[in-house]
There are 2 protein chains.
Amino acid sequence: MATLGELERAVMDLLWEHDEAITANALRDLLSQRPAGSGRDGTDTKELAVTTVLTVLSRLEKKGLVERERNIRPHRYRAVTSRADHTAELMLEVLGSAPDREAVLARFIGTVSDGEAATLRKLLGRD
Amino acid sequence: MATLGELERAVMDLLWEHDEAITANALRDLLSQRPAGSGRDGTDTKELAVTTVLTVLSRLEKKGLVERERNIRPHRYRAVTSRADHTAELMLEVLGSAPDREAVLARFIGTVSDGEAATLRKLLGRD
DNA sequence: GTTGTATTTCTACAAGCCGTAGAACATCTG
DNA sequence: CAGATGTTCTACGGCTTGTAGAAATACAAC
């Protein structure tokens, strides 16, 4: 229940960037304005069908990542949680109930940048 | 390139528990001795075919998670990295190149247990 | 070296997920 | 009510995973 497809992720990214709930049409437009593939040049506008976007949104809704306003006519969609929350949740899910959580955390910490390590220290408080 | 299936994960778990490289047959036996489904009772021994285990091992090898000794006849398989390393890597992958890494870390830290927070402080050094 | 047996690789298929979208249905606006 | 606009149903192709039989390969003993 964790991994998203490429398009699903693209949609979530857009929703996360938008505070206000937006329509499927608006999303389709935004999607067409971004480099879909990993290609270098940015002229790569795919122009998806609106139904495609709607399908993806429905699936994301079923997954609990998106909710929509059904009262107004062109439904408006928004992300349920912030990206930071979502990502943190995913990380916890990965860390999971491993019997060696501390070992994992050790490896993890060892890879974080210095600046971030400092941030972490601050967040943890010096006890 | 990150998520494993249920059987794949079961195999990896066994390999991670074993320091020594083991054969597909041994793995099949070990697999049959564990509660496959989430069912309550433990009498749930599925008894897989060896070819099934071999297929899974090949796929895991292709994914770079497993390597095998080909010189001896019943090939022996072992995990390439420790579970802790693997998990930490996954966590980093999830954290990824988010533009809000620090925010994510903040949420993450907020959810870790007190004991683990202490461990983290220790790991980070009190600078 | 020929035969038999253990092992590995090939090939295959069903189920599920994701990208993609047309067809059909529903809902406003006049 | 008719037309336009928006939403849901249905569908399909591709890819991954669980599952395993068939075919090829390697080794042991004669």
Side-chain angles (χ1 to χ4, degrees), chain A residues 1-15 21-32 34-39 44-78 90 93, chain B residues 1-15 21-32 34-39 44-78 90 93:
Chain A
M1 277 295 190
T3 315
L4 299 183
E6 196 172 347
L7 180 55
E8 288 177 329
R9 174 155 297 275
V11 167
M12 285 311 297
D13 278 342
L14 287 172
L15 290 180
I22 61 180
T23 69
N25 263 292
L27 271 170
R28 193 217 37 203
D29 292 346
L30 291 171
L31 282 169
S32 75
R34 54 162 41 208
S38 47
D44 194 44
T45 39
K46 192 65 178 305
E47 227 14 79
L48 296 172
V50 185
T51 50
T52 299
V53 179
L54 283 167
T55 301
V56 169
L57 284 168
S58 290
R59 288 174 182 167
L60 289 171
E61 189 185 30
K62 187 179 300 177
K63 292 182 187 180
L65 295 179
V66 161
E67 66 187 0
R68 76 174 90 182
E69 291 165 18
R70 279 197 154 86
N71 42 320
I72 52 182
R73 193 42 178 159
H75 293 180
R76 287 164 181 282
Y77 301 80
R78 96 171 66 77
L90 267 193
E93 192 180 314
Chain B
M1 277 296 191
T3 315
L4 300 182
E6 196 172 348
L7 180 54
E8 289 177 328
R9 174 154 298 274
V11 168
M12 285 311 297
D13 277 341
L14 287 173
L15 290 180
I22 61 180
T23 70
N25 263 294
L27 272 170
R28 191 217 39 202
D29 292 346
L30 290 171
L31 282 169
S32 75
R34 53 162 43 208
S38 47
D44 195 43
T45 40
K46 189 67 178 303
E47 227 14 77
L48 295 172
V50 184
T51 50
T52 299
V53 179
L54 283 167
T55 301
V56 169
L57 284 168
S58 289
R59 287 174 183 167
L60 289 171
E61 188 185 29
K62 187 179 298 173
K63 291 182 186 179
L65 295 180
V66 161
E67 66 188 359
R68 76 173 91 182
E69 293 164 17
R70 279 197 155 84
N71 41 321
I72 52 182
R73 193 40 176 152
H75 293 180
R76 285 165 183 282
Y77 301 80
R78 96 169 66 74
L90 267 194
E93 193 181 313

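- Scanning all heavy atoms of the two residues, the minimum distance from R76(A) to T23(A) falls at CG-CG2, 4.0 Å.
- At a threshold of 4.5 Å between non-hydrogen side-chain atoms, the residues H75(A) and R73(A) count as touching.
- Taking every heavy atom of both residues into account, V50(B) and R28(B) meet most closely at CG2-NH1, 3.5 Å.
- L48(B) has its side chain within reach of L7(B): a pair of non-hydrogen atoms, C-beta onward, lies under 4.5 Å apart.
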Pull out every protein N or O sitting under 3.5 Å from an N or O of nucleotides 25-30 of chain C, one pair per line with the distance.
from	atom 1	to	atom 2	distance (Å)
dT27(C)	O4'	R73(A)	NH2	3.0

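- Summarising the geometry, the separation between CG on L48(B) and P on dG21(D) is reported as 12 Å, rounded to the nearest angstrom.
- dG18(D) atom C1' lies 16 Å from atom CZ of R9(B), rounded to whole Å.
- Atom-to-atom, CE of M12(B) to P of dG18(D) comes out at 13 Å; the value is rounded to the nearest Å.
- Note on K62(A): every side-chain N or O is 4.0 Å or more away from OP1 and OP2 of dC18(C).
- L31(B) has its CG atom 13 Å from the C1' atom of dT19(D), to the nearest Å.
- The minimum heavy-atom distance between V53(A) and A24(A), with the atom names listed, is CG1-O, 3.9 Å.
- For T52(A) and dG19(C), the shortest distance from a side-chain N or O to OP1 or OP2 is not below 4.0 Å.
- The shortest non-hydrogen separation linking L4(B) to M12(B) is CD1-CG, 3.8 Å.
- In this structure, E8(A) and R59(A) approach most closely via the heavy-atom pair OE2-CB, 4.2 Å.
- The CG atom of L65(B) sits 15 Å away from the P atom of dT16(D) (whole-angstrom rounding).
- Using a 4.5 Å cut-off on side-chain heavy atoms (C-beta onward), L57(A) and L27(A) make contact.
- L57(B) places its CG atom 14 Å from the P atom of dT7(C), with the value rounded to the nearest Å.
- One can place NZ of K63(A) at 8 Å from C1' of dC18(C), the figure rounded to the nearest angstrom.
- The distance from atom CG of L60(A) to atom P of dC18(C) is 9 Å, rounded to the nearest whole Å.
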Contact pattern, 5' to 3', of nucleotides 8-13 of chain D - B, S or - by protein heavy atom under 4.0 Å: B--B--

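- The residue from L60(B), I22(B), L54(B) that alone fulfils the side chain to side chain contact (heavy atoms under 4.5 Å, CB included) condition with Y77(B) is L54(B).
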